[in-house]
Amino acid sequence: MSEKSDIVFVCDGSAPGGIGRYARGLGGELLRQPAGRLRPSILDTSLGPGGRRVIRPLRRVYREQVGTARELTSARLVHLADYRPVVPSHRAFVLTVHDVFFLTRPDWYPRPIRLYKKALLHVALRKHPAAVICVSQATREALVAAVPGFAGIRLEVIHPGVEPPRSPAEATPAGDTYFVTVGTIEPRRNHLALLEAFRRARGEGLQARWRVVGGVGYHGAPIADELRAADGVDVVTGATDEELDATYRGALFAVTPSLGEGFGFPPLEAMARGVPVICPAGGVFDETVGDAGVRVAGSADSWTDALLHLGHRADERSRYAAAGARQAGTFSWDRAAAATTRLYEEILGVA
């Protein structure tokens with residue numbers, strides 16, 4: 001990190017899921033923005049001296065708090081890529097909130113985890129952030145409802161971008177016909193409800209297999225075990241970005257059955273690759289996917305019907321693929337970085 005930086009974007013570049021995507025996508029794009037009045041730099045808290053990855057939990061906490069605070073003394077503004085403040089730091093800061101499910105759905109988290117997350121969010125509030133970036137309007141509304149104190153702070157909705165395909169589209173090698181679900185295996189992602197619908201659809205003639213891509217998260221081990229034991233389901237953990245890209249490309253369609261998302265990268269990532277999407281009605285998907293995907297309102301029968309619909313109708317897959325690609329194209333890291341930079345300038349009075 002340059003000591004002359006005006007803005008320091010503090011992130012964990014190794015974080016899984018949406019927070020990691022945000023850290024890598026926005027961090028990289030901030031450095032690519034045209035030179036302006038402010039000089040940004042990136043501070044990756046997952047890296048220790050010499051660029052070595054910090055793995056042990058206690059060392060990570062020390063690095064994220066004590067070590068990071070020492071490196072922020074010359075910054076005019078610090079942008080934190082998630083909800084965790086750097087407690088010892090006295091620099092002005094911007095907080096990023098991806099979701100507040102640890103407050104609204106505590107049953108989805110182990111007790112120590114939810115208490116830790118809740119405590120740090122309240123510490124951040126007491127430290128008076130200059131602004132809070134929410135990754136969606138849905139997250140903004142949930143934050144204000146769950147923690148009314150944030151209503152008095154500047155809250156900005158800046159949508160993340162979506163990573164484009166890693167290479168130009170190409171023909172997919174012949175192999176199993178499948179649809180894909182991407183996301184950490186945990187109760188929030190609702191895999192078991194989709195499993196019931198998948199079994200019904202297979203009984204009614206669906207030929208495609210179901211490929212589940214994602215690590216095992218909180219309370220997720222029993223869910224993963226049931227998925228692995230199910231006929232027609234393939235569970236893939238530890239996929240690289242290249243493997244995930246290829247998996248999206250080879251899928252008939254992508255399904256996100258999640259009960260809640262702060263933003264929800266997987267549907268938009270699939271859409272950006274020309275893959276039609278099925279996801280729930282309501283929630284953040286009204287804001288991100290809109291009518292560019294097949295929207296399902298809850299019941300197992302509805303999910304079954306949606307699987308059969310896209311599984312059997314090539315014309316509908318083509319229609320939703322085209323609509324999805326257009327919709328995903330409205331979410332770019334360049335746009336997110338430009339909006340974030342404008343926020344920095346307004347806070348520091350250099351706009």
Got a salt bridge between D245 and R249, using NZ or NE/NH1/NH2 to carboxylate O under 4.0 Å?
-> yes

Distance (rounded to the nearest 0.5 Å) between L121 CG and R126 CZ = 10.0 Å

Tell me, with the steps shown, if V350 and R76 meet side chain to side chain contact (heavy atoms under 4.5 Å, CB included).
-> CA-CA 12 Å; V350 298; R76 295 178 64 188; 4.2 Å; yes

Please test V255 against W303 for side chain to side chain contact (heavy atoms under 4.5 Å, CB included), starting from the C-alpha separation and ending with a verdict.
-> CA-CA 10 Å; V255 185; W303 283 102; 3.6 Å; yes

In terms of heavy-atom contacts, V135 and P160 come closest through O-CD, 3.5 Å

Any side-chain heavy atom of L195 sitting closer than 4.5 Å to one from I223?
-> no

Is there a side-chain contact between V100 and V147, using heavy atoms and a 4.5 Å cut-off?
-> no

Is it true that atom NZ of K118 has more than 12 heavy atoms of other residues, nucleotides or ligands lying nearer than 6.0 Å?
-> no

Is there a donor-acceptor contact under 3.5 Å from the side chain of R273 to the main chain of P164?
-> yes

Do V132 and F93 belong together in a cluster built from hydrophobic side chains that touch within less than 4.5 Å?
-> yes

Heavy atoms from other residues, nucleotides or ligands near CG of D315 exceed 12 (cutoff 6.0 Å) | yes

Given Y109, which of Y116, F101, Y218 fulfils the ring pair (Phe, Tyr, Trp, His ring centres under 6.0 Å) condition?
-> Y218

Test item: I185 and V235 side chains (from C-beta on) under 4.5 Å apart, heavy atoms | yes

Rounded distance [0.5 Å steps], CZ in F253 versus CZ in R313 = 13.5 Å

Atom pair CG/CG of L310 and L252 - distance to nearest 0.5 Å = 9.0 Å

Examine F179 together with F198 and report whether their ring centres are nearer than 6.0 Å.
-> yes

What heavy-atom pair brings Y178 and T247 nearest, and what distance separates the two atoms?
-> OH-O, 2.7 Å

Is it the case that Y22 and H98 place a side-chain donor and acceptor less than 3.5 Å from each other?
-> no

Close side-chain approach of S41 to F9, heavy-atom, < 4.5 Å | no

Does the side chain to side chain contact (heavy atoms under 4.5 Å, CB included) test come out yes or no for F285 and T256, once each step is laid out?
-> CA-CA 10 Å; F285 299 122; T256 296; 3.8 Å; yes

Between S136 (side chain) and G262 (backbone), is there a donor-acceptor pair under 3.5 Å?
-> yes

Shortest non-hydrogen contact from S302 toward A297 | OG-O, 4.3 Å

Answer yes or no: is there a donor N or O on one side and an acceptor on the other, between the side chain of T139 and the main chain of C134, under 3.5 Å?
-> no

Please lay out, stage by stage, how I153 and L125 fare under the test side chain to side chain contact (heavy atoms under 4.5 Å, CB included).
-> CA-CA 9 Å; I153 293 172; L125 176 60; 3.4 Å; yes

Cluster check V284, V296: I/L/V/M/F/W/Y, side chain < 4.5 angstrom = no

Is there a side-chain contact between P129 and V94, using heavy atoms and a 4.5 Å cut-off?
-> no

Does A130 offer a backbone N or O that forms a donor-acceptor pair with the side chain of R154 under 3.5 Å?
-> no

Hey, is the main chain of L80 close enough, under 3.5 Å, to the side chain of T96 for a donor-acceptor pair?
-> yes

Give a yes or no on whether the backbone of V87 and the side-chain of Q65 come within a donor-acceptor separation of less than 3.5 Å.
-> yes

Is N190 reaching over with its side chain to a backbone N or O of L259, donor-acceptor style, under 3.5 angstrom?
-> no

Sidechain N-carboxylate O distance under 4.0 Å for R24, E163 = no

Do F102 and Y83 have their ring centres less than 6.0 Å from each other?
-> yes

Identify the heavy atoms of R335 and T330 that sit nearest to each other, and give their distance.
-> NH1-O, 3.1 Å

Counting N and O atoms only, with roles assigned by atom type, does the side chain of T45 sit under 3.5 Å from a partner on the main chain of C11, one being a donor and the other an acceptor?
-> yes

A81 versus I19, closest heavy-atom pair with distance = O-CG2, 4.5 Å

Going only through I, L, V, M, F, W and Y residues with side-chain contacts under 4.5 Å, is there a path from L206 to V275?
-> no

Looking at R140 and E287, does any basic side-chain N land under 4.0 Å from a carboxylate oxygen?
-> no

Main-chain N/O of L77 paired with R91 side-chain donor or acceptor, under 3.5 Å = no

Taking atom CH2 of W108 and atom NE2 of H219, what is their separation to the nearest 0.5 Å?
-> 11.5 Å

Side-chain heavy atoms of L307 within contact of L194, under 4.5 Å = yes

Are E29 and R32 ion-paired here, with the side-chain N under 4.0 Å from a carboxylate O?
-> yes

Could you tell me whether R200 and E196 have a side-chain N and a carboxylate O separated by less than 4.0 Å?
-> yes

So do V157 and H159 actually touch side chain to side chain, heavy atoms under 4.5 Å?
-> yes

Quick one: do L26 and I133 end up in the same hydrophobic cluster if we chain Ile, Leu, Val, Met, Phe, Trp and Tyr together by side-chain heavy atoms under 4.5 Å apart?
-> yes

If two hydrophobic side chains count as joined below 4.5 Å and joins carry through other members, does I158 share a cluster with Y344?
-> yes

R188 side chain to S258 main-chain N or O, any donor-acceptor pair under 3.5 Å?
-> no

Rounding to 0.5 Å, atoms CG (L227) and CH2 (W210) come to a distance of 5.0 Å

Approximate separation, where rounding is to 0.5 Å, of L268 CG and F331 CZ | 5.5 Å

Shortest non-hydrogen pair, V8 vs A75, comes out as CG2-CB, 3.7 Å

Heavy-atom side-chain contact between D286 and R295 under 4.5 Å | yes

Is it true that atom CD of Q207 has more than 12 heavy atoms of other residues, nucleotides or ligands lying nearer than 6.0 Å?
-> no

